[in-house]
A.B. asks: 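The following block contains the structure, expressed as structure tokens.
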There are 2 protein chains.
Amino acid sequence: MKKGCKFGTHRVIEPLGVLPQPARKIDNDMELYDNEILIDVQSLNVDSASFTQIANEVGHDAEKIKARIAEIVEEKGKQQNPVTGSGGMLIGTIEKIGPALEGKTDLKVGDKIATLVSLSLTPLRIDEFIDVKMDIDRVDIKGKAILFESGIYAKLPTDMSETLALAALDVAGAPAQIAKLARPGQKIMILGGAGKSGMLCLYEAVKRVGPTGQVIGLVRNQEEADRIHSLNLPIDVVISDATKPIEVLNKTLEVTNGKELDITVNCVNVENTEMSTILPVKDEGTVYFFSMATSFTKAALGAEGVGKDVTMIIGNGYTKGHAEITLSVLRECKELREIFEKTYI
Amino acid sequence: MKKGCKFGTHRVIEPLGVLPQPARKIDNDMELYDNEILIDVQSLNVDSASFTQIANEVGHDAEKIKARIAEIVEEKGKQQNPVTGSGGMLIGTIEKIGPALEGKTDLKVGDKIATLVSLSLTPLRIDEFIDVKMDIDRVDIKGKAILFESGIYAKLPTDMSETLALAALDVAGAPAQIAKLARPGQKIMILGGAGKSGMLCLYEAVKRVGPTGQVIGLVRNQEEADRIHSLNLPIDVVISDATKPIEVLNKTLEVTNGKELDITVNCVNVENTEMSTILPVKDEGTVYFFSMATSFTKAALGAEGVGKDVTMIIGNGYTKGHAEITLSVLRECKELREIFEKTYI
Ligand SMILES: NC(=O)c1ccc[n+]([C@@H]2O[C@H](COP(=O)([O-])OP(=O)(O)OC[C@H]3O[C@@H](n4cnc5c(N)ncnc54)[C@H](OP(=O)(O)O)[C@@H]3O)[C@@H](O)[C@H]2O)c1
Ligand SMILES: NC(=O)c1ccc[n+]([C@@H]2O[C@H](COP(=O)([O-])OP(=O)(O)OC[C@H]3O[C@@H](n4cnc5c(N)ncnc54)[C@H](OP(=O)(O)O)[C@@H]3O)[C@@H](O)[C@H]2O)c1
């Protein structure tokens with residue numbers, strides 16, 4: 001049996017020397033390397049930007065969407081949209097586990113999983129199309145895929161629907177990071193607190209800093225404030241626009257009695273919110289940017305401009321145990337689960 | 001005496017509600033607020049991108065450069081290039097300290113300082129132009145400026161030339177951050193190790209992880225490797241291209257006997273080096289991006305794609321004591337100081 005690289009570079013066909021994600025073409029032969037996992041694929045959850053692009057290109061016709069996806073996978077060995085560069089994730093069942101992974105993985109043959117690494121780097125072979133679910137960007141297929149040794153995944157829980165689990169797993173990095181960062185007694189604010197990652201973070205923050213700390217959710221209107229109140233958790237709400245740093249700072253200091261924060265977490269989905277995330281934090285505090293709309297230079301130069309000695313962290317989509325931590329939130333907080341079921345299913 | 005905001009928002013004329021840096025116009029009246037410092041200005045070190053733009057615009061004529069700068073300051077109350085958005089820094093002498101800062105600052109009247117916050121947010125009044133030094137982007141003037149309570153600065157040392165000190169202070173955030181992050185026994189690699197920030201970081205790393213740790217400098221050719229060897233420090237050199245992650249990973253593991261690193265520091269000045277910075281680091285290790293060419297999304301999605309549970313930090317230009325830590329490197333390491341004197345003066 002051939003020995004594979006942890007990151008799957010042994011599957012890269014061209015250009016050589018790059019990782020599978022930037023590669024133009026990877027090898028989707030389903031003969032297993034010693035450190036790979038073979039998945040029997042059930043569904044592709046195509047990334048929303050990618051699905052929309054394909055649907056627009058071919059005119060929202062299910063048969064044409066199938067044909068376009070088949071063509072991409074034929075050409076690249078993976079489901080990576082050549083225009084958006086993005087992929088999505090897949091759901092399937094473990095069919096075979098490479099012998100080099102023995103004792104290194106908690107997976108066993110028959111487990112149902114969602115891969116949490118992008119389809120844009122996952123070797124995939126499609127044998128048959130079953131269905132295209134236009135409204136949820138999902139394509140049901142028969143086929144096989146490979147998970148590399150470094151590839152992350154989540155076992156799908158049996159106590160909630162797949163769609164609910166996937167909605168939460170999509171942003172699993174954020175609450176898991178809070179579990180690691182936050183300590184009892186600290187003051188922490190989540191910007192974009194009524195969004196999908198924001199609500200999970202709020203719950204996790206209450207759990208980690210409480211009962212001696214303070215958790216604040218920043219939202220932009222009363223409707224979102226009410227949503228947070230309906231969680232029935234000890235959370236202070238600030239209504240403000242995250243693109244207005246001075247207003248955010250002043251309103252935050254009002255609810256903390258003038259004390260600066262230990263941690264802020266940016267879960268907002270718009271640009272120009274770096275300074276609102278930095279200003280309310282005390283020296284030697286932590287600023288966690290989960291939002292993909294964050295500008296590296298705006299954060300670096302902004303903190304220097306106001307002389308803030310804060311540690312600014314780039315939101316890594318992965319941290320150990322992130323899937324388990326995130327699914328637990330839905331189990332522990334009935335109110336939050338209800339909101340998720342109403343909003344994201 | 002009027003009370004000022006820590007961040008100088010009391011000086012913003014338009015648009016109201018923003019910080020001084022993004023403001024179109026700020027108040028440069030030199031009547032002091034209670035928490036401001038008045039500086040008697042000697043030189044403006046105009047940021048290189050800004051100086052080049054102005055010089056090109058007016059045709060590299062000293063008188064016309066003066067006129068253009070006078071016009072900008074007249075219009076905006078600060079020396080912020082309207083095309084590049086950038087400023088630079090200034091050198092001057094403390095003239096007056098607002099009473100609210102008593103006991104809060106280590107400055108006294110007569111101290112000579114360099115401001116380390118950008119001119120793009122510093123209230124400035126130019127009374128007379130003395131000289132334009134084309135080759136070093138410097139404009140000597142008579143004039144006044146205001147340092148806000150949050151404004152960072154460095155007292156200029158008397159044991160080295162101003163230009164040498166300024167060259168090092170420009171990248172002071174990086175070595176100071178290493179001083180905070182690195183612990184004895186750790187393995188740490190600096191990418192771009194032969195550059196300005198890179199060499200300072202290498203010295204600081206040796207000091208903090210030694211003698212039980214390992215320090216590696218990644219450079220792109222033999223000439224740069226020789227430069228690092230000439231420091232006479234226990235540093236292992238890897239010659240590789242930082243835009244090639246797999247090559248970087250393999251060559252790094254060769255010098256560490258297959259062990260992954262605790263910390264990497266990116267001091268490279270080109271794009272697409274995120275993965276080379278992430279791949280060699282062990283789980284729960286730290287990746288510090290000082291380079292302004294870092295892409296937030298490439299780092300966030302890249303780490304997830306390879307399942308790396310690493311803490312990725314955005315290089316804050318400021319951290320407490322950064323000027324002192326950085327100038328100390330030049331004092332402690334004769335070889336490094338000589339290279340700096342040859343290269344950056
Ligand atoms: N780092 C990673 O690995 C990773 C992984 C997944 C997602 N993400 C990123 O995380 C971010 C959040 O994702 P999500 O799924 O939680 O998004 P979401 O559900 O859309 O939440 C975003 C929230 O921000 C609010 N918001 C927008 N503009 C605001 C403003 N000016 N002031 C205050 N609040 C504002 C939104 O309010 P409205 O609903 O009223 O607009 C919404 O509640 C996105 O940028 C996403 O790209 C990162
Ligand atoms: N975060 C902050 O607050 C802050 C503040 C100041 C500066 N910075 C940033 O820090 C970075 C470094 O600044 P610096 O003054 O130290 O720059 P520098 O002196 O130009 O050093 C950059 C080094 O990277 C090397 N390099 C370039 N491409 C490479 C590649 N493909 N592989 C390996 N090495 C490569 C360069 O080698 P060659 O000389 O052979 O090209 C050079 O030695 C810049 O991006 C700058 O914007 C950040």
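Scope of the values below: all heavy atoms of this structure, side chains included, with no hydrogens, waters or symmetry mates. Because the structure is predicted, anything quoted here is derived from the model rather than measured. Throughout, protein chains are lettered first and strands after them, A, B, ... in sequence-line order, and every chain is numbered starting at 1.
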A.B. asks: Pick one of side chain, backbone, both or neither for Glu149(B), based on which atoms fall under 4.5 Å of a heavy atom in chain A.
C.D. replies: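 Neither part, no heavy atoms under 4.5 Å.
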A.B. asks: Side chain from CB out, backbone as N, CA, C, O: work out which of these in Ser291(B) comes under 4.5 Å of a heavy atom of chain A, or both, or neither.
C.D. replies: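 Only the backbone of Ser291(B) comes within 4.5 Å of chain A.
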A.B. asks: Between Asn316(A), Ile246(A), Thr9(A), which residue shows the highest count of heavy-atom pairs closer than 4.5 Å to chain B?
C.D. replies: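 The residue among Asn316(A), Ile246(A), Thr9(A) with the greatest pair count is Asn316(A).
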A.B. asks: Return the minimal non-hydrogen interatomic distance between Gln21(A) and Ser120(A), and the atom names on each side.
C.D. replies: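 Shortest heavy-atom contact: NE2-OG, 2.5 Å.
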A.B. asks: Can you confirm whether Lys76(A) sits close enough to Lys25(A) that some side-chain heavy atom of one is under 4.5 Å from a side-chain heavy atom of the other?
C.D. replies: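 Lys76(A) vs Lys25(A): side chains apart.
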A.B. asks: With no hydrogens and no angle check, just 3.5 Å: does a side-chain donor-acceptor pair link Asn35(A) and Lys3(A)?
C.D. replies: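 There is no such pair (donor and acceptor under 3.5 Å, judged by atom type) between the side chains of Asn35(A) and Lys3(A).
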A.B. asks: Flag the one option from Val310(A), Val18(A), Leu301(A) with the top tally of heavy-atom pairs under 4.5 Å to chain B.
C.D. replies: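 Top count of heavy-atom pairs under 4.5 Å with chain B: Val310(A).
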A.B. asks: Where do Thr273(A) and Asn266(A) land on the side chain to side chain donor-acceptor pair (under 3.5 Å) test, with the steps shown first?
C.D. replies: CA-CA 8 Å; Thr273(A) 62; Asn266(A) 187 321; 2.8 Å; yes
A.B. asks: Against chain B, work out which of Leu19(A), Thr311(A), Ile152(A) has the most heavy-atom pairs shorter than 4.5 Å and name it.
C.D. replies: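 Answer, by heavy-atom pair count under 4.5 Å with chain B: Leu19(A).
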A.B. asks: Got a salt bridge between Lys308(B) and Glu274(B), using NZ or NE/NH1/NH2 to carboxylate O under 4.0 Å?
C.D. replies: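 Result for this pair is no, no salt bridge flagged.
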A.B. asks: Using 30° and 60° as the class boundaries, would you call the ring planes of Phe148(B) and His10(B) parallel, tilted or perpendicular?
C.D. replies: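 If you compare the ring of Phe148(B) with that of His10(B), the planes turn out perpendicular.
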A.B. asks: Identify which of Thr297(A), Val306(A), Leu249(A) forms the greatest number of heavy-atom pairs closer than 4.5 Å to chain B.
C.D. replies: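 Among Thr297(A), Val306(A), Leu249(A), the one with the most close pairs to chain B is Val306(A).
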A.B. asks: Looking at Met275(B), Met292(B), Glu284(B), which makes the most heavy-atom pairs under 4.5 Å with chain A?
C.D. replies: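 Most pairs with chain A among the choices: Met292(B).
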A.B. asks: Checking Lys244(B) against chain A: side chain, backbone, both or neither under 4.5 Å from a heavy atom?
C.D. replies: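 No part of it gets close to chain A.
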A.B. asks: Non-hydrogen atoms of chain B under 4.5 Å away: do they reach the side chain of Val287(A), the backbone, both or neither?
C.D. replies: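 Neither; nothing under 4.5 Å.
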A.B. asks: Any Lys/Arg nitrogen of Asp309(B) or Lys180(A) sitting under 4.0 Å from an Asp/Glu carboxylate oxygen of the other?
C.D. replies: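 Yes.
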